[in-house]
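One structure below.
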Protein chains: 2
Amino acid sequence: MTMVLRSDDMRRRNRLTIMQIVRRRKEISRSEIAQAAALSPATVSTITSDLISEGVLISQTGENPAGTGRGRPSVGLSMNPEFRYAVLLILKTGAVNVAIVDYAGAVVAQQDFRLEMTSITQPEFRSKLTAEIRQTWSASGLDHGLLARISVGIQGVTGSGGRRMLWSPITPLTEVPIGDWLRDEFGVPVRLANDCDLIARALHVREPEIYHENFAAILLAHGVGMGLFLRGQIVNGTRSSGTEFGHMMYMPDGALCRCGSRGCIEAYAGDYALIRSYSGQIDDCPPPPRVEPAEVDRVAEAARSGDVRAVRTFDAAGRAIGSGLAGMFALVDPFRIVLVGHGAEAFDLMEDAIRRTLKNCNAMSAEDIPIDLFPEELPLILEGCGIDALTEIDAAQADQVGEPVRT
Amino acid sequence: MTMVLRSDDMRRRNRLTIMQIVRRRKEISRSEIAQAAALSPATVSTITSDLISEGVLISQTGENPAGTGRGRPSVGLSMNPEFRYAVLLILKTGAVNVAIVDYAGAVVAQQDFRLEMTSITQPEFRSKLTAEIRQTWSASGLDHGLLARISVGIQGVTGSGGRRMLWSPITPLTEVPIGDWLRDEFGVPVRLANDCDLIARALHVREPEIYHENFAAILLAHGVGMGLFLRGQIVNGTRSSGTEFGHMMYMPDGALCRCGSRGCIEAYAGDYALIRSYSGQIDDCPPPPRVEPAEVDRVAEAARSGDVRAVRTFDAAGRAIGSGLAGMFALVDPFRIVLVGHGAEAFDLMEDAIRRTLKNCNAMSAEDIPIDLFPEELPLILEGCGIDALTEIDAAQADQVGEPVRT
DNA sequence: ACTCTTTAATTCGAGCCTCAAAAAAAATCG
DNA sequence: CGATTTTTTTTGAGGCTCGAATTAAAGAGT
């Protein structure tokens, strides 16, 4: 049911609307905001002047392109980069990536740490993460009070409203309360998110025209994951996070998957599955914890030069992916697909199998859905992580209607 | 992005909130409304007095239960049943069900018409439907101007924002603009909806505690359909309506489905599939257009008394359903399932296969999800259809902030 | 029978918020 | 240098919700 509105809810929402507009447009004048938001210039003037005095926005007093014509020149407003900063933490297999973004979204510091997590205790894990963040922060020379939020991107399953990592392929640890650790250490809100969800969010804001209402970003890497937008909103699991596309059943009693089950899509389309299939290992072989991307590229090269076994390997992967897509498209009508990760580089070897399978699986109208490719997942994950952090900071600030003008 | 708020949007939304509260609670006093809506008594007083003078609400001046204690007795407010009326149209195989509901949701008239639609032209179809609605309406003796809306529930796929029936098993016609026909004939807004979506909506309001955030209503009848709620919102197809659970792929190159494809879940779990399988027909037999429910009941009886072929038939149906559920549960975490329609009466024969398949298909956490049974679908469809109509009338009325007090 | 108490509903003034219109500001054009 | 044009700010009006005070309508007590 729709929530009731009090008078200052209106102000809160309009503040947020304006902040979102400025964030999206980078630099925009008050009168353009008024038009974009369908608010009167008077209201925009009041609200922006509040936001400026709070330090959220700044006027771009710098040189305006001039010569734009007669009349009083418009003055551009932007997010104030120095208003707040967020720490982004990306956990990968064997490594941790720490970045600091300013309030305008620019990465102002970034450090990579190797961190072997295959045999680590929770306390060690906690102190390592904490130390790495502290080091990156102090190296940046930023004031301690400017940290507003930490967002964490992980492979695997998050839960409890983004406060804990329930399970991840990067470590045998489960139920790891990373969110609580970092909140306690740094005293700011923390949220964990699934990497594929972050990729989808990044695409959503990067190309809003294309990735708007309904689309899925499928990450083809060691494992297979998905971030799904329906009706302009991300679809998370109901209990945990992440839509587990890679673990939809493709072949009952089929190949052994990393998750312990058999016949998952991932067990045919994940990196390890490709290598396993190409090298002629039996499908029951337990998957290796890590495969060099270059190995996959070699198989792809082999396939392109006609190696039958390599061709069959990618064909099987394509059929598995196509079958999963067909299942989704039966539930919801077909939508645009984005393949992300270096597995997307082998799309030429899988496209035919994917589309053939879609056709065979009652998704004939989906046979020619657009499929886009983004071989590099890391920039997208980082971008999505930043979007997550800044969006939340915005929301919190929009609610602070009043004068708290924290220094 | 969140829409901007003007001052009277606030009033509109609060009007709607109050109307929804009164509708849900049937009869409720102003002070209880204030509490439920988190609005001040002053505001509730203003708004309800508007709504009463518009004829939307009435005070239940009648005998109050008295003896409720000291103090000024509260006066109950209710939806005014005579404010507006809606026509509900349910299209079934070979029959049309016309009902009239008053603004409080009570069915005040209902007529069934036989209508053979297997070989009908669009103009005939239009005039039949129109005539049947007119007849039911005039038999009710209601004033012509009190008709506010028509809602249509159909098996099959609707499109164009609920204005046309794209495809339905009840007729070979396609792209039938029923919505436009009825709007032109009766001059009121019309919307078509999928029967399974209506069932899900009915459950959603009938038992909000249980069917709240995430659940699916699966209709097991001649065909197999689904209405799906995620995060408290119904999930429609992105282009058409209805989530086509029944046509998810279960067995590549499997049994022939009514839809022309092979291996759909429906081709194993629909009525016609059960009969076909039990009677030993080959899976390639084109499905009959209609099967008597009693026939299915006979097969179920046979299974219960140990007939191996009947047992296998239901087991296969259960596996197909379980496989579809597992696919959904991989995408979104497990949620409550409701089986609707007389197929639900054979749940005892399918439960084991369903749960076994869930377990085998990587949905181990879903093995013991709750599954509820509602063997009678028609009351639910009718209820959902009424909810659809009244909800829209409410929304339109809430927007009419002003004095139009139409007589 | 009358007053006191209790609870519900209404009325009234204050405080926000947005908006339209007017005014001010800051540029270009002639 | 004044006229024109466009942006931004200021001002006053109108709506909405809210808290507090008031009125309404019952039961309880003497």
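Quick note on labels: first sequence line is chain A, next is B, and so on, each numbered from 1. All values reported here derive from a predicted model rather than from experimental measurement. FYI, side chains are in, hydrogens and waters are out, and symmetry mates aren't considered; it's all heavy atoms of this structure.
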Response to the item:
Scoring nucleotides 5-14 of chain C by protein non-hydrogen atoms under 4.0 Å (B base, S sugar-phosphate only, - none) yields SBBBSBB---
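- The CZ atom of R15(A) sits 14 Å away from the C1' atom of dC16(C) (whole-angstrom rounding).
- In this pair, H212(A) and H204(A) present their aromatic rings parallel. The plane angle is below 30°, not in the 30 to 60° band.
- Note: CE (M10(B)) to C1' (dC16(C)) measures 8 Å, nearest angstrom.
- Counting heavy atoms from C-beta outward, F229(B) and F335(B) have side chains that stay 4.5 Å or more apart.
- The line from CG of D394(A) to CE of M79(A) is 4.5 Å long, rounded to the nearest 0.5 Å.
- Distance CD (Q60(A)) to C1' (dT7(D)): 17 Å, rounded to an integer number of Å.
- Q233(A) CD: 12 or fewer foreign heavy atoms inside a 6.0 Å radius.
- Atom CG in L39(A) sits roughly 15 Å away from atom P in dT8(D) (whole-Å rounding).
- OP1 and OP2 of dG15(D) both lie 4.0 Å or more from every side-chain N or O belonging to R11(B).
- Atom P of nucleotide dT6(D) and atom CD1 of I33(A) are separated by 20 Å, given to the nearest angstrom.
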Just list the side-chain donor-acceptor pairs under 3.5 Å for residues 141-151 of chain A, sequence neighbours left out, or say none.
from: D143(A); atom 1: OD1; to: G145(A); atom 2: N; distance (Å): 2.7
from: S151(A); atom 1: OG; to: D388(A); atom 2: OD2; distance (Å): 2.7

Could you list the donor-acceptor pairs under 3.5 angstrom formed between side-chain atoms of residues 30-37 of chain B and any protein atom two or more places apart in sequence or on another chain?
from: S31(B); atom 1: OG; to: S29(B); atom 2: OG; distance (Å): 3.3
from: E32(B); atom 1: OE1; to: S29(B); atom 2: N; distance (Å): 3.2
from: E32(B); atom 1: OE1; to: S29(B); atom 2: OG; distance (Å): 3.2

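- The CZ-C1' distance, from R12(A) to dT18(C), rounds to 16 Å in whole Å.
- Contact annotation: N14(B) does not reach the phosphate of dC16(D) (side-chain N/O to OP1 or OP2, under 4.0 Å).
- Between the CG atom of D9(A) and the C1' atom of dC17(C) there is a distance of 12 Å, rounded to whole Å.
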